[in-house]
J.: 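Below are the structure tokens for one structure; questions will follow.
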There are 2 protein chains.
Amino acid sequence: MSTDSSSVAEALRARRSKVIGPHSPLFYDQPLHVVAGHGVWLTAADGVDYLDAYNNVPHVGHCNPVVVRAIAEQAARLNVHTRYLHEPVVDYGETLLATFAPHLDKVFFTNSGSEANELALRIARQHTRSTGVLVTDFSYHGNTTSLAEMTTGLTTAEPLGAHVRALRIPDVLSDPRSPDVVLAEALEEAAAAVASLQAAGHGLAALLFDPLFTTEGLLHPPAGYVEGLADLVHGAGGLVIADEVQSGLGRSGSAFWGHELHGVRPDLVTMGKPLGNGHPLGGVVTTTRLLDEFGSANMYFNTFAGNPVSAAAGAAVLQETADRELQASAAELGRHARKTLEELAADRPSVSAVRGTGLFFGLELVDDDGRASAGRAKRVVEDMVRRGVLISRIGPRDNVLKIRPPMVFEHEHLELLVDRLAASLDEVEAAVR
Amino acid sequence: MSTDSSSVAEALRARRSKVIGPHSPLFYDQPLHVVAGHGVWLTAADGVDYLDAYNNVPHVGHCNPVVVRAIAEQAARLNVHTRYLHEPVVDYGETLLATFAPHLDKVFFTNSGSEANELALRIARQHTRSTGVLVTDFSYHGNTTSLAEMTTGLTTAEPLGAHVRALRIPDVLSDPRSPDVVLAEALEEAAAAVASLQAAGHGLAALLFDPLFTTEGLLHPPAGYVEGLADLVHGAGGLVIADEVQSGLGRSGSAFWGHELHGVRPDLVTMGKPLGNGHPLGGVVTTTRLLDEFGSANMYFNTFAGNPVSAAAGAAVLQETADRELQASAAELGRHARKTLEELAADRPSVSAVRGTGLFFGLELVDDDGRASAGRAKRVVEDMVRRGVLISRIGPRDNVLKIRPPMVFEHEHLELLVDRLAASLDEVEAAVR
């Protein structure tokens, strides 16, 4: 960044701080001042293009022209709530539901993943007449009060609710024991958590989980774990809520929705981030029975949700995802990326594991003694932006590089990413020695 | 509506019901199938234009070209979260904050009024280390769990929280006693509610109120009531949250923000509905001190909120509101409308009161014995749509006609509205006799 553009960025940061405050998070020691986006590229104020290997919200690419046109045309024609009949919300709902298993045949639209998880939990609590919730250790599902009370993956002033139990997710990549032993122990722990909720009088309303366990650091539980967990929850009368904000819309390559990777049958599926390619859009997909139960006992209305512009944005994202075969691309490119990243890791002691699936990767970084190294991860992330590539980091020890590009990422972009990553890791390894 | 278009509407309704269910509310016995909007007009599928005297979300008019262009251009240029620096959110934040009193100098952006009220309550609970909340009898502030627990204005399965007290709002239009007596009694009741929250150990976190008391039926409390309430709340260590979803952006004619009508100094102001003219946008405006306190104790982030497209939509709404002098228009047209509606009411025994201010009116309907008549109100609303004008009804007895058009409503539209309303009231009065 030139001195000129860096002083412009500093001035903007100062103005920003006066308006939205100094706590609103910013990436990088020198925050990036962006002015334009296109496909997998973000352009900074100084004209430099950055390869975006971080953002999943622009699922079909930054400023995807099909989505932009759909929004612009519908905004010019009609934008109104759903208490009048209009076609776009019905068209979109039908297309969206067609991507789910037949029992998931109804949708509530919302404006965000937070609103979606809030609603799913209301439905679950009312259905079960219980309040207990199972989440996972180091997870995040939204910013409302009741979600803050079950947040384990970032700082909230609210303590973990008495009605909440956070499950430690087993991980076969880091646990040296046999997967069977790991599985049995983890399911026993889950059963104990359910029993403890019941003993305390909370009962069990729901399990709320991200099928890719991304915030948790992209953990790989043993086969059968999520299925066993879902059986346990259903057996105790609770509902299973799959939060697909991270794992949905073909991101995993192997399945359109993340919960399908585990062969489970959720009662509620929540959606957000990529659903409208950045347009505020979320939703809860559920069964006719649960919708009827909740809908007949509550006057639920959401002013903006399901408006024709949001519906047009969502429909365009589904259309582009299908037309450009982005799930297949995530599978194919994902396999190739995995192989390349594993080769890269094999030569570099600082990378202890390659995690993830499809177009969501995590490189776990360790220091020379094999201990989780948040410092190295931070240095790589900062070094990568200087090399023109955007990534981030996740996990409870903040040492897993988070690589989760728009789904229109292609081979040439992967090559650039891997090239820069190799150089960055080499530099960081050399610097520490 | 022709038979043809009515069968199309029926088919669409059936498809809608299969997708979003039969409980998602629809206006009118024969729901209106809309396909386009422009200014104060909504066009139905059969080509008929309806005068919109109901919708406040399209504040600067349906499909306002300035707003549509701002959204389209920004969506084509950049749409990304606020963890990178970008200018639109700062520009918009500065313009928005300039409309508030100097102590309200920080803003959190959200995607809806529900998200805004959720956040304001989190801030208030953390600041006061208390949970008690005062709301008003027959009010609604959003659809999340914690807001459902304080909803008195519509059906929710959640009972009123033990930490919630609903104040009966005094109304000088219906209470025959002197305003001084009404005021003293109402403030005593409020003091008793605060004392009861304290005695139960909840303490007082906040008062959450709509400055126009719209859902409550557009009540007119005596002068000094809201000020007295705010003093009481502050005296007990609680915060005052003005929910400006209904009353903001010049709607009242006399003030840009509704709380200014009462001369109170809120600690938090929440916004939603009209802020983005239908684009999902909300926010919480507060003080530097409260933002710092909350921001330093919580990693608050909201993926879509404050994105450049939402900011561009919000900025265009403020621009149009200023350029077209919509607050002044609401004041001027509102005075004229009030006079006209009062004349209309004087001749018609079915109208017992004209309520509201600026471009938000309520006509209270009664039967021949002077009792609240939801039946007459419903008949007028249904008759009005047949006459091509959209209105609705509110209040605990569902007998107050709700007239709240886009702010670009003009004299000619008012004349049309009043003409149709007079005919409608005459027909309904005649039918009942």
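The figures that follow rest on heavy atoms only: side chains count, while hydrogens, waters and symmetry mates do not. First the proteins, then the strands, lettered A, B, ... as listed; each starts at 1.
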J.: What part of A:S310 is in contact with chain B, defined as an atom under 4.5 angstrom from a non-hydrogen atom: side chain, backbone, both or neither?
T.: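 Looking at A:S310, just its side chain touches chain B.
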J.: Is it true that A:N55 and B:H81 share a donor-acceptor pair across their side chains at a distance under 3.5 Å?
T.: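 Yes, because at least one side-chain N or O of B:H81 sits under 3.5 Å from a partner of the opposite role on A:N55.
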J.: Are A:Y28 and A:L26 packed together at the side-chain level, in the sense that at least one heavy-atom pair is separated by less than 4.5 angstrom?
T.: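 A side-chain contact under 4.5 Å is absent here.
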J.: On a heavy-atom basis, which atom in B:A313 and which in B:G276 lie closest, and how many Å separate them?
T.: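 Heavy atoms of B:A313 and B:G276 come nearest at CB-O, 4.2 Å.
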J.: Report yes if some heavy atom in the side chain of B:M299 is under 4.5 Å from a heavy atom in the side chain of A:H23; otherwise report no.
T.: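 When only atoms from C-beta onward are counted, A:H23 and B:M299 do not touch, as no gap falls below 4.5 Å.
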J.: For chain B, which candidate among A:S296, A:A157, A:G142, A:G37 shows the most heavy-atom pairs at distances under 4.5 Å?
T.: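 Of the options given, most contacts go to A:A157.
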J.: Below 4.5 Å from any heavy atom of chain B, which atoms of A:N79 appear? Answer side chain, backbone, both or neither.
T.: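 Both parts, backbone and side chain.
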J.: With a 4.5 angstrom heavy-atom cut-off, is it the side chain or the backbone of A:I20 that approaches chain B, or both, or neither?
T.: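 Contact with chain B: backbone and side chain both.
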J.: Which region of A:S17, side chain (C-beta onward) or backbone (N, CA, C, O), has a non-hydrogen atom less than 4.5 Å from a non-hydrogen atom of chain B, or is it both or neither?
T.: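 Contact with chain B: backbone only.
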J.: Does any heavy atom of chain A fall under 4.5 Å from the side chain of B:F294, the backbone, both, or neither of them?
T.: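 Looking at B:F294, nothing touches chain A.
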J.: Mind listing the closest non-hydrogen atom pair of B:V284 and B:M271 along with its distance?
T.: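 Minimum heavy-atom separation between B:V284 and B:M271: N-CE, 4.2 Å.
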J.: Given a strict heavy-atom distance threshold of 4.5 Å, which part of A:E94 is in contact with chain B: side chain, backbone, both, or neither?
T.: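 Contact with chain B: backbone and side chain both.
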J.: Is it true that the side chains of A:K106 and A:T286 contain a donor and an acceptor less than 3.5 Å apart?
T.: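 The criterion, which ignores hydrogens and geometry beyond distance, is not satisfied for A:T286 and A:K106.
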J.: Is any side-chain heavy atom of A:H59 closer than 4.5 Å to a side-chain heavy atom of A:K273?
T.: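 No, their side chains stay 4.5 Å or more apart.
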J.: Anything in residues 62-70 of chain A with a heavy-atom distance to chain B below 4.5 Å? Please list those residues in order.
T.: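 Result: A:H62, A:C63, A:V68.
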J.: Chain B heavy atoms under 4.5 Å from A:L281: which part of the residue, side chain, backbone, both or neither?
T.: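 Answer is backbone: N, CA, C or O of A:L281 sit under 4.5 Å from chain B.
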J.: Quick check: do A:V133 and A:L121 have side-chain heavy atoms less than 4.5 Å from each other?
T.: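 In contact.
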J.: Evaluate the side-chain proximity of B:W41 to B:D52: yes if any heavy-atom separation is below 4.5 Å, no if none is.
T.: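 No; the side chains remain at least 4.5 Å from each other.
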J.: Which residue out of A:V35, A:T288, A:V57 racks up the most heavy-atom pairs below 4.5 Å with chain B?
T.: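 Max contact count across the listed options: A:V35.
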J.: Pick from A:H38, A:K18, A:E158: which one has the most heavy-atom pairs with chain B under 4.5 Å?
T.: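 If we count pairs closer than 4.5 Å to chain B, A:E158 comes out on top.
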J.: Report which part of A:L42 has an atom under 4.5 Å of a heavy atom belonging to chain B: side chain, backbone, both, or neither.
T.: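 Only the side chain of A:L42 comes within 4.5 Å of chain B.
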J.: Do B:T43 and A:L78 come close enough that some side-chain heavy atom pair is under 4.5 Å?
T.: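 Sidechains of A:L78 and B:T43: no contact.
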J.: For chain B, which of A:T144, A:L154, A:L119 has the most heavy-atom pairs under 4.5 Å?
T.: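 Looking at each of A:T144, A:L154, A:L119 in turn, A:T144 comes out on top.
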J.: Would you tell me whether B:R122 and B:N298 have side-chain atoms, one donor and one acceptor, within less than 3.5 Å of each other?
T.: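 Yes, a side-chain donor-acceptor pair sits under 3.5 Å.
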J.: Quick check for you: among B:T145, B:L390, B:T151, which has the greatest number of heavy-atom pairs under 4.5 Å with chain A?
T.: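 Of the candidates given, the most pairs with chain A belong to B:T145.
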J.: Counting only non-hydrogen atoms closer than 4.5 Å, does A:S114 touch chain B with its backbone (N, CA, C, O), its side chain (CB onward), both, or neither?
T.: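 The side chain, not the backbone.
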J.: When rounded to the nearest 0.5 angstrom, what distance separates CD in A:E118 from CD1 in A:I123?
T.: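 A:E118 CD to A:I123 CD1: 11.5 Å, rounded to 0.5 Å.
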J.: Under a 4.5 Å heavy-atom cutoff, which of B:S24, B:G93, B:S146, B:S112 has the most pairs with chain A?
T.: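 Most heavy-atom pairs under 4.5 Å with chain A: B:S112.
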J.: Among A:H279, A:R125, A:E73, which has the most heavy-atom pairs under 4.5 Å with chain B?
T.: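 Highest number of heavy-atom pairs under 4.5 Å: A:H279.
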J.: For chain B, find its close neighbours in residues 83-92 of chain A: heavy-atom separation under 4.5 Å, sorted by number, or none.
T.: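 Those residues of residues 83-92 of chain A which have a heavy atom under 4.5 Å from chain B are A:R83, A:Y84, A:L85, A:H86, A:E87, A:V90, A:D91.
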J.: Looking only at heavy atoms, what is the nearest atom pair of B:N56 and B:V245, with distance?
T.: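 It is ND2-O, 3.9 Å.
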J.: Please identify, among B:N302, B:N277, B:I71, the residue contributing the most non-hydrogen atom pairs under 4.5 Å to chain A.
T.: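 Heavy-atom pair counts peak at B:N302.
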J.: Is it the side chain or the backbone of B:F301 that comes within 4.5 Å of chain A heavy atoms, both, or neither?
T.: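 It is both, since atoms from each part get that close.
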J.: Looking only at non-hydrogen atoms, find the nearest pair between B:A124 and B:A206 and report the distance.
T.: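 Here B:A124 and B:A206 meet closest at CB-CB, 3.9 Å.
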J.: Find out whether A:Y140 and A:T156 are in side-chain contact, i.e. whether some heavy atom of one side chain is under 4.5 Å from a heavy atom of the other.
T.: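 Not in contact.
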J.: Closest approach of A:Q74 and A:P308, non-hydrogen atoms and distance?
T.: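 Where A:Q74 meets A:P308 most closely, the heavy atoms are CG-O, 3.3 Å.
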J.: For a quick test of reading the model, state the closest non-hydrogen atom pair linking B:R16 to B:P25 and the distance between them.
T.: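 Smallest interatomic distance, heavy atoms only, reads NH2-O, 3.4 Å.
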J.: Below 4.5 Å, heavy atoms only, C-beta onward: do B:E293 and B:Q126 meet side chain to side chain?
T.: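 Side chain of B:E293 against side chain of B:Q126, heavy atoms only: no contact under 4.5 Å found.
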J.: In terms of heavy-atom pairs under 4.5 Å, which option from A:A72, A:A75, A:G272 contacts chain B the most?
T.: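 Of the options given, most contacts go to A:A75.
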J.: Enter the distance from B:E115:CD to B:N117:CG here, rounded to the nearest 0.5 Å.
T.: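 The CG atom of B:N117 is 11.0 Å from CD of B:E115, to the nearest 0.5 Å.
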J.: Can you check whether A:F27 and A:Y54 have ring centres sitting under 6.0 Å from each other?
T.: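 Judged by ring-centre distance (under 6.0 Å), A:F27 and A:Y54 do meet the cut-off.
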J.: Please flag which part of A:L97 lies under 4.5 Å from any non-hydrogen atom of chain B: side chain, backbone, both or neither.
T.: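 The side chain, not the backbone.
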J.: At a heavy-atom distance under 4.5 Å, which candidate from B:N111, B:D105, B:V309 has the highest pair count against chain A?
T.: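 Going by pairs under 4.5 Å, I would pick B:N111.
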J.: Contact part of A:P280 toward chain B, heavy-atom cut-off under 4.5 Å: side chain, backbone, both or neither?
T.: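 When you check distances to chain B, atoms from both the backbone and side chain of A:P280 fall under 4.5 Å.
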